[in-house]
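Working notes, structure below.
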Amino acid sequence: MNKDGLEFAATFDQEFVQQNGHRGHFGRNVLKGLVDGMDGFLEEKRRTPGFRSMGPVALGGFLWLDDPELAACLARFAHICVVVSKQGRSKRDLDKLGKLQPFADGDNGMLARVFAELTDLDWREEGRAKVLGPGVPMPEVVIPPLRTIGFRRQPKKDMVPFLHTKMMLLGELWWHDEDALGGVADVIGFRPERLWVGSANATARSRHNLEFGMWLDDSQVLQAAQTFLVQLMAHSEALDPDSDLFQPELLPVDFDDEAFAEYVAEYGWGDPDA
């Protein structure tokens, strides 16, 4: 960009502080505000973790992610899951996907049982939901750090929405050894604490655009964002799925009712037809 262009772009750059103390940004390199805020959150949790903490969490939804500083920051969180729009299969697209595969294969994915909406899900097998019988425990599903959603190519007949959000929800996992009734249990939960919303994609190129972004901590906004992001995870697919169609990899498990009825009848636990 020439000198005149730089001077023109610089006129839009501004940072402001809200009443809650969180920062907002307009202009160029808005993504720096996201990364700085995430770094600050990690430092806060390092100094003063919450009660029975299992580490800081980042959940995101973006059109695309390739910014190296943001990816490096995400790798420092204990648990993450970022969902992006499904990418194409051109050589350029495959090159982009290849660069992100190590990130998607990371070991800091998200435990599904943390969220009630995900507790009855398991990985699809041969296009179908898994079937569980007596004595088979519910699976311990870990959703990988990077996922995709939607169609690879838009169907011609109907306009199908694609993921276009730019948001990151930060929080903390906690554990407890009692359930709601006081019984011994292994309970894990998520506490949302801070939300980034804006116009900038999670891409290096977005740093050169005129964008906006800000941090929020309103409880209703945090809860609504959590619901949205959990639904993205529930309907997500791998980074580079085989299908061009929208085929979520996680499905509600099916229970083998006949096997359960036989089990109840064998051990005399009530009426098997009940």
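Keep in mind the model is a prediction, meaning the values are calculated, not measured.
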Checklist entry - Looking at side-chain heavy atoms only, is the closest gap between F162 and L63 below 4.5 Å? => result yes

Checklist entry - Side-chain contact, heavy-atom cut-off 4.5 Å: L245 with F151? => result yes

Out of curiosity, [X] [atom1] to [Y] [atom2], how far, rounded to the nearest 0.5 Å?
| X | Y | atom1 | atom2 | result |
| --- | --- | --- | --- | --- |
| K166 | L34 | NZ | CG | 13.5 Å |
| I80 | L59 | CD1 | CG | 9.5 Å |
| E69 | L74 | CD | CG | 12.0 Å |

Item to check | Whether over 12 other heavy atoms sit under 6.0 Å from D107 CG | outcome: no

Checklist entry - Looking at W174, does the NZ or CZ of R52 lie under 6.0 angstrom from its six-membered ring centre and within 45 degrees of the ring axis? => result no

Those residues that, when tested against [X], pass side chain to side chain donor-acceptor pair (under 3.5 Å) (two or more places apart):
| X | result |
| --- | --- |
| S236 | R147 |
| N108 | none |
| Q226 | none |
| K96 | Q87 |

Item to check | Residues T203, D67; criterion side chain to side chain contact (heavy atoms under 4.5 Å, CB included); working and verdict | outcome: CA-CA 4 Å; T203 62; D67 184 78; 5.6 Å; no

Checklist entry - Picking from D93, D242, D244, what satisfies side chain to side chain donor-acceptor pair (under 3.5 Å) with R152? => result D244

Checklist outcome for this item: Per side chain to side chain donor-acceptor pair (under 3.5 Å), N29 is matched among R207, E211, H208 by R207

Backbone N/O of [Y] and side chain of [X]: donor-acceptor pair under 3.5 Å:
| X | Y | answer |
| --- | --- | --- |
| S206 | N201 | yes |
| E117 | Q231 | no |
| E237 | Q247 | yes |
| T148 | V84 | no |
| K86 | G150 | yes |

Checklist entry - Does a salt bridge link R89 with D240, judged by any charged N lying under 4.0 Å from a carboxylate O? => result yes

Checklist entry - Are D95 and K91 within salt-bridge range, i.e. N to O under 4.0 Å? => result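 Result for this pair is yes, salt bridge flagged.
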
Checklist entry - Any ring-ring contact (aromatic ring centres under 6.0 Å, His included) pairs touching residues 52-77, not counting sequence neighbours? => result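 Sorted pair list comes back empty.
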
Would you be so kind as to tabulate the donor-acceptor pairs closer than 3.5 Å made by side chains of residues 213-222, with sequence neighbours excluded?
from, atom 1, to, atom 2, distance (Å)
W215, NE1, G33, O, 3.3
D217, OD1, N20, ND2, 3.3
D217, OD2, H22, NE2, 3.1
D218, OD2, Q220, N, 3.1
D218, OD2, V221, N, 3.0

